[in-house]
Student: 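My questions all concern the structure below.
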4 protein chains.
Amino acid sequence: MRITKHPEERKQEILETALGLFEEKGIQKTSMNDIAETMGVAKGLIYYYFRSKEELVEAVVESFSEGVEKEIKMLLSTEGLSFHRRLGQVVKVFFLSIQEHPALMSITPKNPGLFELVKTSLSELALRHAKVLLQKGVEEGYLNLQYPEYMLKILIHGIADLYVEGVVDPKVHCTLIEEALGLSTGTLLKEF
Amino acid sequence: MRITKHPEERKQEILETALGLFEEKGIQKTSMNDIAETMGVAKGLIYYYFRSKEELVEAVVESFSEGVEKEIKMLLSTEGLSFHRRLGQVVKVFFLSIQEHPALMSITPKNPGLFELVKTSLSELALRHAKVLLQKGVEEGYLNLQYPEYMLKILIHGIADLYVEGVVDPKVHCTLIEEALGLSTGTLLKEF
Amino acid sequence: MRITKHPEERKQEILETALGLFEEKGIQKTSMNDIAETMGVAKGLIYYYFRSKEELVEAVVESFSEGVEKEIKMLLSTEGLSFHRRLGQVVKVFFLSIQEHPALMSITPKNPGLFELVKTSLSELALRHAKVLLQKGVEEGYLNLQYPEYMLKILIHGIADLYVEGVVDPKVHCTLIEEALGLSTGTLLKEF
Amino acid sequence: MRITKHPEERKQEILETALGLFEEKGIQKTSMNDIAETMGVAKGLIYYYFRSKEELVEAVVESFSEGVEKEIKMLLSTEGLSFHRRLGQVVKVFFLSIQEHPALMSITPKNPGLFELVKTSLSELALRHAKVLLQKGVEEGYLNLQYPEYMLKILIHGIADLYVEGVVDPKVHCTLIEEALGLSTGTLLKEF
DNA sequence: AATGAATGAGAATTCATTCAT
DNA sequence: TATGAATGAATTCTCATTCAT
């Protein structure tokens, strides 16, 4: 049975199936065959949309980040919010997007890869969007940091890894962020 | 030509060769054959010492951590040092051990793995040793943290990832740690 | 050169090639490579049809038995034959099917395996089909046996092994069967 | 720790260990390493006593048969026993020797080999010793068989295989033998 | 757009056997 | 007699990728 779909729709379907399997079994242990089989589609079809497995992996990561990016953009477009409020929202978006993909976090020594890539991608994304916000925080005196961007990176990577190790309470994360940024206790927490 | 060595020596040799190749080409792209060839030894010999590639990988990570652990133990055994001094030293050990293995940090989408494993292992190790130190810092009022251990983890993972992305200046790291822990500027830096 | 065939045809081809090689060199000494090479086909293709060597071996045995089963079914479907005639025919089918695969029987200390598997499979098959026949023989008084099914098994296995050891004359087999079943001399033999 | 033993003692020890492992895991899946490890001895030592694995396998089978042979010889040396009594005893010896090695019978598709070899070896042995006995039976009119030796073979192989398939009751075996040889019911059974 | 049989280059692993000590 | 590190060749199995249909 041969089911024809719109290219974009099909591409999306592959991306989602791949993401699911990568989360479940790791990139390496997911074969192109697995993906095709799960979709109920022939192996060759995937190669019609993606030149190689590598390209597919990149596309999956990109696609994931794009989802997060959309939400962030929406948030930041709202005018007139205070620095703390905004920061709180950005943090929230990150953790919500991670919470929606719990399997993403299940890295084991036998199953590395995807998380690391996603993390890096998210971190870059965060930086792109938070630069201005951080600058503002520094200028307005809310933040007293020499390397605000680096600190942001550390927090994203570090908390993500903490998450992987089982610390999933957003309150804890907020407290840690407050302390690291030198904000007074509860500043972020009250945004949740 | 058949060269026999003492098991411990040979095991060490395998471990070192494997570490080198893992760093250079990634775990996945390093075949057991590569390791044997590099050593000028038969493939089977590696299986004489390690039941499988997986076991070898674990052993390599463990061995790496043990090296770092030894140095830390030495440091912490020295009596009578101030909290800041000690903290500075621990931080130093970590970054020195990482600096000795720059290739360890070269993750690419094609080459994931070892670093992630080592990082987790190092993080656990750090916690084990720094617990008391942190507690002391909190008690003595140098640190004002609700979750000192989590903060430590964040810093280790976060800075390690920062390192991977090319930020390798220890001064920057120190400053970031100072800021995150709420120490006054230069407290750690002067230990370097 | 890439020659594509219909799956069923190809599967059959693999089965036959494998059977031939198993007979010739024994299961153990026949590598998946041998089979592929003999077929002029890539190694991977065999794994496309059979998950493992073990599965292939099972399929070969099964396929062999199925061939014999077909012939038996045909025989038994003919109505109105006497007990002795029928029994004679069943015995005949077995020995003909074995005679067609003389190599099957060449077990040596270095080459065990396939025969043993086939024998068991054939024995089960024989029982399934001969049960009614034997029952009938017992009821009609031709056979005076307490365990007709066990006797059948003994005869199948025993004569098969005798065959392996070089006793291949069907007349001898018939005589032995007659004696074991307590039939009068020549009852079966005249069917041949 | 290097324990030196008398050559014959050591050889015997190897034979027994090998038999045990062959029964447990099959010949093929038992490595020379397994044997050495089980004995707590170095691999090389086995090669000191047996040139190759093949030679070891042969020796194991031979050694097993020798054990049975001894018992049979003892039996047959007793003078003045009736034909039926003797036959009963010989049958008994076989089944007792098999019963002492239940694992010998656990053939599976994955684990062929030893049983087949032992069976053949036992069958040859049986023939050697029973020839005279059978001849006597025929001459004295107890047996009415054209190929007494073949019938013996069939019975040994056939019943052994029956045994493997789970029919282990000696009474059933006796009945089958009686029927196959055309002895009157109970002739053998009462010897047990 | 889609199929899926076929490829082929590797990969891990196993093990009987050897040999220097 | 005994050790056990070392060999090396074979073997099973995997999988990204191709291509004729």
Side-chain angles (χ1 to χ4, degrees), chain A residues 1-7 10-11 28-37 39 41-54 56, chain B residues 1-7 9-11 28-36 39-54 56, chain C residues 1-7 9-11 28-36 39-54 56, chain D residues 1-7 10 28-37 41-54 56:
Chain A
M1 2 134 200
R2 185 196 198 101
I3 298 170
T4 301
K5 295 195 180 177
H6 276 288
R10 192 60 108 180
K11 203 165 184 173
Q28 194 192 140
K29 302 226 165 172
T30 299
S31 69
M32 296 300 259
N33 207 4
D34 290 338
I35 299 170
E37 229 166 52
M39 289 178 65
V41 125
K43 232 187 305 200
L45 188 60
I46 299 178
Y47 282 89
Y48 185 81
Y49 289 96
F50 301 93
R51 232 184 280 288
S52 68
K53 189 180 181 183
E54 210 175 309
L56 174 57
Chain B
M1 5 130 199
R2 188 191 203 112
I3 298 168
T4 301
K5 297 193 180 176
H6 276 283
E9 193 184 341
R10 190 63 104 181
K11 204 167 186 173
Q28 195 193 142
K29 301 232 163 170
T30 299
S31 70
M32 296 300 257
N33 208 2
D34 291 338
I35 300 170
M39 288 178 66
V41 126
K43 231 187 309 195
L45 187 61
I46 298 176
Y47 284 90
Y48 185 78
Y49 289 96
F50 302 94
R51 241 183 278 289
S52 66
K53 190 181 180 182
E54 212 174 308
L56 173 58
Chain C
M1 2 129 201
R2 187 191 204 112
I3 298 169
T4 301
K5 296 194 181 177
H6 277 284
E9 192 184 343
R10 191 62 105 182
K11 205 166 184 175
Q28 196 192 140
K29 301 234 163 168
T30 299
S31 72
M32 297 300 258
N33 209 2
D34 290 337
I35 300 170
M39 289 179 64
V41 125
K43 229 185 317 192
L45 188 59
I46 298 178
Y47 283 91
Y48 184 76
Y49 288 95
F50 301 94
R51 241 185 278 289
S52 66
K53 190 182 180 181
E54 212 173 307
L56 173 57
Chain D
M1 2 134 199
R2 185 199 201 98
I3 297 170
T4 301
K5 294 194 181 178
H6 276 287
R10 191 60 108 182
Q28 195 191 137
K29 302 227 164 170
T30 299
S31 68
M32 295 300 260
N33 207 3
D34 289 337
I35 299 170
E37 227 166 53
V41 124
K43 231 189 305 202
L45 188 58
I46 299 178
Y47 283 88
Y48 185 81
Y49 289 95
F50 301 93
R51 232 184 280 289
S52 68
K53 190 182 181 182
E54 211 175 308
L56 174 58

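Just so we're on the same page: letters track the sequence lines, and every chain starts at 1.
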Student: Quick check on F:dT18: is either OP1 or OP2 less than 4.0 Å from any side-chain nitrogen or oxygen of C:Arg2?
Tutor: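 For F:dT18, neither OP1 nor OP2 has a side-chain N or O of C:Arg2 closer than 4.0 Å.
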Student: If you assign each of A:Thr30 and B:Lys5 to its closest nucleotide in DNA chain F, which residue comes earlier from the 5' end?
Tutor: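 In this pair, the answer is B:Lys5.
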Student: Tabulated below should be each protein N or O lying under 3.5 Å from an N or O of nucleotides 13-15 of chain F; please produce it.
Tutor:
| residue | atom | partner | partner atom | Å |
| --- | --- | --- | --- | --- |
| F:dC13 | OP2 | C:Tyr47 | OH | 3.1 |
| F:dC13 | OP2 | C:Lys53 | N | 2.9 |
| F:dC13 | N4 | C:Lys43 | NZ | 3.1 |

Student: Without decimals, in angstroms, what is the distance between B:Asp34 CG and E:dA12 C1'?
Tutor: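 Those two atoms, CG and C1', are 12 Å apart.
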Student: Considering just the side-chain nitrogens and oxygens of B:Tyr49, establish if one lies under 4.0 Å of OP1 or OP2 belonging to F:dA6.
Tutor: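 Indeed, a polar side-chain atom of B:Tyr49 lies that close.
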Student: Could you write out DNA chain E as dot-bracket? Rules: Watson-Crick or G-U wobble, both distances under 3.5 Å, brackets [ ] for crossings, | for pairs with another strand, dot for unpaired.
Tutor: .||||||||||||||||||||
Student: Could you check how far CZ of A:Phe50 sits from C1' of F:dT18, rounded to whole Å?
Tutor: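 It is 18 Å, rounded to the nearest whole Å.
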Student: Could you give the CG-to-P distance, from C:Asn33 to E:dT14, as a whole number of Å?
Tutor: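 Between P of E:dT14 and CG of C:Asn33: 19 Å.
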Student: Give, for atom NZ of B:Lys53 and atom CD1 of B:Ile35, the distance between the pair rounded to the nearest 0.5 Å.
Tutor: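 Answer for the NZ-CD1 pair, B:Lys53 versus B:Ile35, is 7.0 Å.
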Student: Measuring from atom CZ of C:Phe50 to atom CD1 of C:Ile46, what distance do you get when rounded to the nearest 0.5 angstrom?
Tutor: 9.0 Å
Student: Rounded to whole Å, please give me the gap between CD1 in C:Ile35 and C1' in F:dT12.
Tutor: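 Spelled out: CD1 on C:Ile35 to C1' on F:dT12 is 11 Å.
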Student: Quick one: A:Glu37 CD to F:dA16 P, roughly how many Å, whole number?
Tutor: 13 Å
Student: Starting at atom NZ of A:Lys11, determine the distance to atom C1' of E:dA2, rounded to an integer number of angstrom.
Tutor: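 Going from NZ in A:Lys11 over to C1' in E:dA2 covers 16 Å.
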Student: Between atom CD1 in B:Ile46 and atom P in E:dT14, what is the gap in whole Å?
Tutor: 14 Å
Student: Among residues at least two apart in sequence or on other chains, which ones pass side-chain contact (heavy atoms from CB on, under 4.5 Å) with C:Asp34?
Tutor: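 C:Asp34: side-chain contact (heavy atoms from CB on, under 4.5 Å) contacts with C:Leu21, C:Lys25, C:Thr30, C:Ser31.
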Student: Between A:Arg10 and C:Pro7, which is nearer to the 5' end of DNA chain E once each is assigned its nearest nucleotide?
Tutor: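 Nearest-nucleotide comparison on DNA chain E picks A:Arg10.
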